[in-house]
**Q** 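Dropping a structure here in structure tokens format, bear with me for questions.
All of these numbers come straight from a predicted model, not from anything done at the bench.
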Number of protein chains: 2
Amino acid sequence: MPLDMETATTRPRAMRLRADATRNRERIVAAAREAIVELGPDVPLDEVARRAGVGNATLYRHFTDRTDLIRHVTLSVVARTVKRAEDALAQEPDAFTALRRFVFESADERIGALCSLLSDVFDRQDPAVVSQVEQMQRSINAIMERAQSAGQLRTDIAVGDLMAAVTQLTRPLPGTCCAGFDRFVRRHLQLFLDGLRAPARSVLTGEAATLEDLQARQP
Amino acid sequence: MPLDMETATTRPRAMRLRADATRNRERIVAAAREAIVELGPDVPLDEVARRAGVGNATLYRHFTDRTDLIRHVTLSVVARTVKRAEDALAQEPDAFTALRRFVFESADERIGALCSLLSDVFDRQDPAVVSQVEQMQRSINAIMERAQSAGQLRTDIAVGDLMAAVTQLTRPLPGTCCAGFDRFVRRHLQLFLDGLRAPARSVLTGEAATLEDLQARQP
DNA sequence: CGGAAACGGACAATCCCTCTCCGTTTCCAA
DNA sequence: TTGGAAACGGAGAGGGATTGTCCGTTTCCG
């Protein structure tokens with residue numbers, strides 16, 4: 001009689017990790033996110049382990065390889081982004097303020113790391129990733145539509161436009177330890193947000209971009 | 001009586017390269033710029049040589065190592081940027097149109113690749129690089145000041161704000177062959193330009209950034 | 001046409017990264 | 001408190017990619 005070996009919830013006994021193991025696992029994911037943001041998606045896994053304060057063997061015990069680790073980092077980042085989007089929408093009465101809060105909080109959380117996640121090893125077949133990305137799109141879309149309905153946000157843009165620009169503007173410069181850089185990022189985000197306000201000050205070329213548009217690429 | 005060994009113009013006899021040599025040298029620099037834009041600053045030099053249509057030995061004959069090559073690429077890109085800035089200022093009667101033209105042309109020339117050049121191996125001691133960067137700052141500043149005097153550009157920004165944002169927005173995503181991405185870049189640049197227009201729609205935090213501010217980083 | 005300059009493919013040396021081995025430490029339950 | 005299992009971490013072998021050089025061949029130019 002085979003049992004479900006995949007989910008911890010159905011097998012609390014066999015799957016439960018020791019306290020230090022779960023702590024280290026979370027540390028590794030967090031360190032990987034930071035390292036990817038700073039050094040790019042090709043960061044050595046030894047460097048990730050070093051930042052997490054664990055040995056490299058511990059990293060490989062939790063994640064089979066780089067792809068596996070990055071997949072979990074992706075899930076983590078997207079989940080946090082969804083949460084921020086929903087919180088901003090629920091807690092901010094003003095529509096554009098909610099959008100601005102979401103943008104700034106995303107910048108603080110280093111959403112720029114997603115750029116490599118989406119482009120490098122993004123597995124569009126993975127159901128968990130796909131469904132989370134879809135949920136993220138819906139959450140951000142809700143913020144934008146409310147602002148558009150309120151006449152505060154120009155209507156010729158879509159989720160992809162916002163996220164691509166925010167991602168790019170918050171990407172760290174390789175090699176710089178973002179000391180002085182962080183201060184400027186907020187300025188750039190604010191300038192970009194000013195450009196998003198209604199009424200639109202220009203006519204944009206092309207179509208409003210969805211997240212799917214950003215993921216399209218030729219092999 | 002020592003002669004200037006640095007410039008080809010003063011020593012036409014000893015320094016003159018054969019025709020194919022000068023052609024290959026220029027090809028290598030051009031190929032390196034393209035390769036860096038697409039594959040990042042760590043692109044293998046063999047790949048650069050392949051794109052230039054030369055053997056790798058030819059590359060090493062012209063440039064001692066990667067740093068030397070990137071230095072020349074930097075000089076090339078900055079020089080072209082200065083030229084674009086001056087042309088835009090001289091040829092466009094409308095102040096903001098000149099700014100927009102400069103921004104879009106810089107995007108077309110992949111100025112986003114400069115981010116890695118400036119951050120990775122930028123030698124702030126090199127007189128040639130320093131003086132060219134200063135000239136670039138002056139040229140861009142002239143465009144911005146004219147637009148500000150005309151009341152078309154908000155006055156709480158400086159050269160560093162513009163260039164950092166344009167650089168970030170036009171940076172290539174690692175791994176993607178920027179097929180669909182290019183179309184969106186123009187949208188983002190236009191949105192950002194809309195945010196730059198006077199009257200300002202928000203109050204920015206911090207100080208206006210110069211190029212020097214961007215180069216500052218702690219070792 | 002001849003010599004020198006330049007070229008290019010191939011190769012050795014080197015570096016870095018991945019992943020595993022195994023002795024040691026930490027946790028947890030009895 | 002203690003025993004045993006789980007987890008850890010440092011070190012190092014293995015592998016792949018990149019750098020930089022060698023040398024026979026080709027191209028230029030007087």
**Q** Round to the nearest Å and state the distance from B:Arg16 atom CZ to C:dA4 atom C1'.
**A**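 To the nearest whole Å, that distance equals 15 Å.
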**Q** If the cut-off is 4.0 Å, is B:Thr58 near the phosphate of C:dA6, judged by side-chain N/O to OP1 or OP2?
**A**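 Answer is no, no contact under 4.0 Å.
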**Q** Would you check if B:Ile157 and B:Met144 make a side-chain contact, meaning some heavy-atom pair closer than 4.5 Å?
**A** yes
**Q** Can you tell me how far P of D:dT19 sits from CG of B:Leu59, to the nearest Å?
**A** 10 Å
**Q** Round to the nearest Å and state the distance from B:Arg51 atom CZ to C:dG8 atom P.
**A**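 In whole Å, C:dG8 P and B:Arg51 CZ are 17 Å from each other.
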**Q** Could you check A:Thr81 against A:Arg84 for side chain to side chain donor-acceptor pair (under 3.5 Å), going step by step and ending with a plain yes or no?
**A** CA-CA 5 Å; A:Thr81 301; A:Arg84 283 195 305 276; 3.0 Å; yes
**Q** Could you tell me whether the side chains of A:Gln135 and A:Arg138 share a donor-acceptor contact shorter than 3.5 Å?
**A**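 Side chains of A:Gln135 and A:Arg138: no pair found under 3.5 Å.
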**Q** Which whole-number value in Å describes the distance from A:Arg27 CZ to D:dA7 C1'?
**A**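 Taking atom C1' of D:dA7 as the reference, CZ of A:Arg27 is at 14 Å.
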**Q** Base contacts versus sugar-phosphate-only contacts with protein, heavy atoms under 4.0 Å: please encode nucleotides 20-27 of chain D as B, S and - from 5' to 3'.
**A** BBB----B
**Q** Is the closest side-chain donor-acceptor distance between B:Gln168 and B:Arg171 under 3.5 Å?
**A**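 There is such a pair (donor and acceptor under 3.5 Å, judged by atom type) between the side chains of B:Gln168 and B:Arg171.
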**Q** Which is more 5' along DNA chain C, the nucleotide nearest A:Val43 or the one nearest B:Gly53? Just name the residue.
**A**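 Its nearest nucleotide lies further toward 5', so the answer is B:Gly53.
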**Q** Please tell me if A:His62 has a side-chain N or O lying less than 4.0 Å from either OP1 or OP2 of D:dA7.
**A**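 For A:His62, the contact criterion (side-chain N or O under 4.0 Å from OP1 or OP2 of D:dA7) is not met.
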**Q** So B:Gln132 and B:Leu75, do their side chains get closer than 4.5 Å, heavy atoms only?
**A**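 Sidechains of B:Gln132 and B:Leu75: in contact.
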**Q** What closest approach, in Å, do B:Ala52 and B:Arg27 show between heavy atoms, and which atom pair accounts for it?
**A** O-CD, 3.5 Å
**Q** May I have the distance from B:Arg50 (atom CZ) to D:dT19 (atom P), rounded to whole angstrom?
**A** 14 Å
**Q** Using whole Å, report how far CG of A:Asn24 lies from C1' of D:dA6.
**A**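 The answer, rounded to whole Å, is 13 Å.
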**Q** Atom CG of A:Leu69 and atom P of C:dC17: how far apart are they, to the nearest Å?
**A**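 The distance from CG of A:Leu69 to P of C:dC17 comes to 15 Å, rounded to the nearest Å.
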**Q** Round to a whole Å and report the spacing from CG of B:Asp42 to P of C:dC15.
**A**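 To the nearest whole Å, that distance equals 17 Å.
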**Q** Side-chain donor-acceptor pair under 3.5 Å between A:Gln137 and A:Asn141, yes or no?
**A**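 Distance-only check fails for A:Gln137 and A:Asn141.
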